[in-house]
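Basis for what follows: all heavy atoms, side chains included, without hydrogens, waters or symmetry-related copies.
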Amino acid sequence: MARRGSSAKGGSARNRPDGQERVAAPVDGGLAELVPDRERPRARTLLLDGAPQSHVDLDDPAYLSFAYQRRLGHVIDLAAPPGRPLQVLHLGGGAFTLARYVAAGRPRSTQQVVEIDAALVQFVRRELPLDPQARIRVRSADARAGLGRIQDGWADLVIADVFGGARTPAHLTSAEFLAEVRRVLKPGGQYAANLADGPPLAHLRGQIATAASVFPELAVAADPAVWRGRRFGNAVLVASALPLAVAELTRRVASDPHPGRVEHGRALTDFTGGAAVVTDEGARPSPAPPPGAFD
């Protein structure tokens, strides 16, 4: 990944040509930076050790800049009729982009965010405050430990976007982890995860096979170049016990500024190529991005 220059918060924050400040602070997971968006006065991109993590526009929390976050936004929009409040569990907090998105589009939703990096939570809360009217509770804990404290059948939606050192921790890739996710979901609830992989896509194939061992309904959205194994990138996996709105998700993903492709059913099964289900005993972190992946 490309490390970008910064100065620590509390020292001298660097002024950008547009007059906005880039601010940075050491956090548990490395160096966190908030970089101004030249086109949106109150928007910032969160970097961790130079790797882009989240983008937030405080004036327009319904705006999602990153392609994978737009795809997760489609999942949120299709999880229930427009405007209906949801109970959402976010594993991984970042800049709370998706929690803000839910709060903006589905007022009165109840949300819990589990983020292991307490210093990052403090940094984001200070620099990008949450709407005090939003029902968002942030808990500093390991994602799987926090998941274990959620009551059975509480969530309409569980969203996993967890990276440590640009890799998803091993204990969040297993069938046992997904069994815990299913436990906390309502009968018709959905699980959505941001996955990252590159050629030969062994991690992605294994994660799809693992999800299929726990959930009967799956769909995955990714850039065509990622599907073809031409580059490292993100894939959004959606899983449920009940049928998903695949046709509408496919239409929305294909209509995005950076169009993606959704696979499901037999095509998704064929893609896994007989990949083994990941268990706690054999779980490994997701692959590290190659040099220059975030240039």
Side-chain angles (χ1 to χ4, degrees), residues 64 66-82 84 86 88-92 98 101-102 105-106 155-162 168 172-175 177-182 184-198 201-229 233-278 286:
L64 298 175
F66 292 177
Y68 88 86
Q69 289 184 330
R70 289 182 65 90
R71 292 165 190 162
L72 287 169
H74 296 324
V75 174
I76 293 167
D77 293 344
L78 295 172
R84 178 183 292 179
L86 295 175
V88 184
L89 173 63
H90 302 264
L91 302 177
L98 293 172
Y101 182 85
V102 172
R106 297 180 179 277
D156 294 296
L157 187 60
V158 174
I159 300 173
D161 187 8
V162 186
T168 301
L172 305 181
T173 68
S174 68
F177 164 70
L178 290 181
E180 273 291 279
V181 169
R182 185 160 182 180
V184 307
L185 285 171
K186 295 179 181 179
Q190 297 181 16
Y191 170 66
N194 177 31
L195 308 175
D197 199 10
L201 301 178
H203 175 72
L204 181 58
R205 297 178 204 275
Q207 287 303 283
I208 295 170
T210 303
S213 74
V214 177
F215 294 96
E217 300 291 335
L218 298 180
V220 178
D223 290 351
V226 173
W227 279 120
R228 291 193 291 267
N234 298 90
V236 169
L237 180 147
V238 191
S240 181
L242 298 181
L244 300 164
V246 174
E248 182 60 17
L249 178 63
T250 299
R251 186 190 70 78
R252 295 187 185 201
V253 168
S255 301
D256 277 341
H258 299 284
R261 191 174 85 230
V262 175
E263 296 287 4
H264 70 289
R266 179 61 182 271
L268 199 55
T269 301
D270 290 345
F271 172 78
T272 63
V277 172
V278 177
S286 65

- [ ] Look only at the side chain of Thr272 and the backbone of Ala275, and say whether a donor-acceptor pair between them is shorter than 3.5 Å.
- [x]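 It does not hold such a pair.
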Measuring only between side-chain heavy atoms, which start at C-beta, is [X] closer than 4.5 Å to [Y]?
| X | Y | answer |
| --- | --- | --- |
| Leu237 | Ile208 | yes |
| Leu244 | Leu78 | no |
| Tyr101 | Asp77 | yes |
| Gln207 | Ser286 | no |
| Leu91 | Leu172 | no |
| Val220 | Phe271 | no |
| Ile76 | Leu98 | yes |

Open item on the list: By the side chain to side chain donor-acceptor pair (under 3.5 Å) test, which pairs, at least two apart or in different chains, include something from residues 237-249?
Closed with: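 Only Glu248-Arg251, Glu248-Arg252 qualify under side chain to side chain donor-acceptor pair (under 3.5 Å).
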[X] and [Y]: which non-hydrogen atoms are nearest, and at how many Å?
| X | Y | result |
| --- | --- | --- |
| Asp197 | Ala202 | OD2-N, 3.5 Å |
| Pro187 | Leu242 | O-CG, 4.1 Å |
| Gly73 | Leu64 | CA-CD1, 3.8 Å |
| Ala192 | Leu72 | CB-CD2, 3.7 Å |
| Val226 | Gly233 | CG2-CA, 3.8 Å |
| Pro224 | Gly260 | CD-CA, 4.1 Å |

Contacts table for residues 210-218: side-chain donor-acceptor under 3.5 angstrom, sequence neighbours left out:
residue	atom	partner	partner atom	Å
Thr210	OG1	Gly206	O	2.7
Thr210	OG1	Val278	N	2.9
Ser213	OG	Thr210	O	2.6

For [X], check side-chain contact (heavy atoms from CB on, under 4.5 Å) against everything at least two apart and list the hits.
| X | value |
| --- | --- |
| Asp161 | Tyr68, Phe163, Asn194 |
| His264 | Ala219, Val246 |
| Glu180 | Leu147, Arg183 |
| Ala80 | Arg84, Leu86, Arg106 |

Open item on the list: Which residue in the set Leu157, Leu178, Val238 passes side chain to side chain contact (heavy atoms under 4.5 Å, CB included) when paired with Tyr191?
Closed with: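 With Tyr191 as partner, Leu157, Leu178, Val238 yield a single side chain to side chain contact (heavy atoms under 4.5 Å, CB included), made by Leu178.
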Applying side-chain hydrogen bond (donor to acceptor under 3.5 Å, both in side chains), name anything that partners [X], two or more places apart in sequence or on another chain.
| X | value |
| --- | --- |
| Asp223 | Arg71, Arg231 |
| Arg228 | none |
| Gln69 | none |

TODO: Output the distance between atom CG (Asp156) and atom NZ (Lys186), rounded to the nearest 0.5 Å.
DONE: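 Rounded to the nearest 0.5 Å, the CG-NZ separation comes out at 3.5 Å.
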Open item on the list: Let's go through Val236 and His74 carefully: what are the C-alpha distance in whole Å and the side-chain angles of both, what is the deciding distance for side-chain contact (heavy atoms from CB on, under 4.5 Å) to 0.1 Å, and is it a yes or a no?
Closed with: CA-CA 11 Å; Val236 169; His74 296 324; over 6 Å; no
